[in-house]
Amino acid sequence: MNFENLLIEIADGTAVVTINRPKALNALNEQTLGELQQAFVDFADNADVQVIILTGSGKKAFVAGADIAAMQPLTALQARKFAKLGHQVMHSIGACPKPVIAAVNGFALGGGCELALGCDIRLVSENARFGQPEVNLGVIPGFGGTQRLARLIGKGLAMELVLTGDLIDAAEAYRIGLANKVVAQEDLLDTARALAAKIIGKGQYAVRLAKEAIHNGLEMDLDRANRYESELFGLCFASHDQKEGMQAFLEKRPAEFTGN
Ligand code: CAA
């Protein structure tokens, strides 16, 4: 995979994707969004990749938002197309069966906050700042911020962040459940890799169904979601990993998972 604005390193089952537009604090333009979408579609079928870590280049920003210079002259129809592309990226992250960890290494603003929200888990460095400052630019969040933020942190807090455009620091992001964990910046990628390795040590068949159950089930009413969970629970029993995982427990030995 060769991309203009993404750096991708794959090792030990983990792909580290670095958004690399440091001069614009890794802002998301059409090219970068297209590359992100393609990368996540490719990861779904890449047997060398079990977990993906998404981060930004440099020490200042994860992603400082959608690219304001690129957006400023857009017509309404072009802006709608641009927003839809952003939504397609978030969709490809959610639809990717493999867990995606955002390693938020600095500003995660506007489209950057939305990109972090599209990921499954958010690890955050102490210097990280989150916000949806779109109202300062005369627009609203366009890559799912009004929806995913409210679903994650609740309607009242999401309203406050979106209506004021205020930024919050890493500690506050952790307090309100936007960040899973806060670590020193120099430890961020190692912490993300360790988390990825821990997940890779589990049965990948189950890991993928678990992501699917949470990701899709949250959009259903509780009865339907629980029925959906039962179906996926049943599906686990079609796997080698279920037989092996339970047999290994009974024999008091570590399981040897194959991902099948
Ligand atoms: N788009 C394009 N360029 C950006 C950018 C963005 N979102 N954010 C930063 N940059 C560029 C700056 O223009 C600047 O470029 P030059 O050196 O060529 O002037 C460079 O990155 C460095 O930025 P600053 O000089 O501003 O750095 P700073 O340390 O003074 O401030 C910051 C950092 C607080 C993140 C500030 O850059 C900032 O407020 N950025 C914009 C944040 C924002 O409003 N994001 C939301 C965008 S709208 C959106 O995302 C819509 C959506 O939901 C789809």
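Counting starts at 1 for both ligands and their atoms, following the listed order.
One finds no salt bridge joining Glu4 and Arg21 here, because no Lys/Arg side-chain nitrogen approaches an Asp/Glu carboxylate oxygen to under 4.0 Å.
For the side-chain hydrogen bond (donor to acceptor under 3.5 Å, both in side chains) test, residues two or more places apart in sequence or in another chain that qualify with Asn20 are Ser57. In this view, Glu160 satisfies the salt bridge (Lys or Arg N to Asp or Glu O under 4.0 Å) rule with no residue, not counting sequence neighbours. Residues meeting the salt bridge (Lys or Arg N to Asp or Glu O under 4.0 Å) test with Arg80, sequence neighbours left out: none.
By the neighbour-count criterion of 12 heavy atoms within 6.0 Å, atom OH of Tyr228 is densely surrounded, having more than that number from other residues, nucleotides or ligands.
If you look at ligand 1, the protein residues with a non-hydrogen atom under 4.0 Å away are Lys23, Ala24, Leu25, Ala27, Lys60, Ala64, Gly65, Ala66, Asp67, Ile68, Met71, Phe107, Leu109, Gly110, Gly111, Glu114, Pro133, Glu134, Leu137, Pro141, Gly142, Phe143.
Checked by atom type, the side-chain pair Thr75/Gln78 shows a donor-acceptor distance below 3.5 Å.
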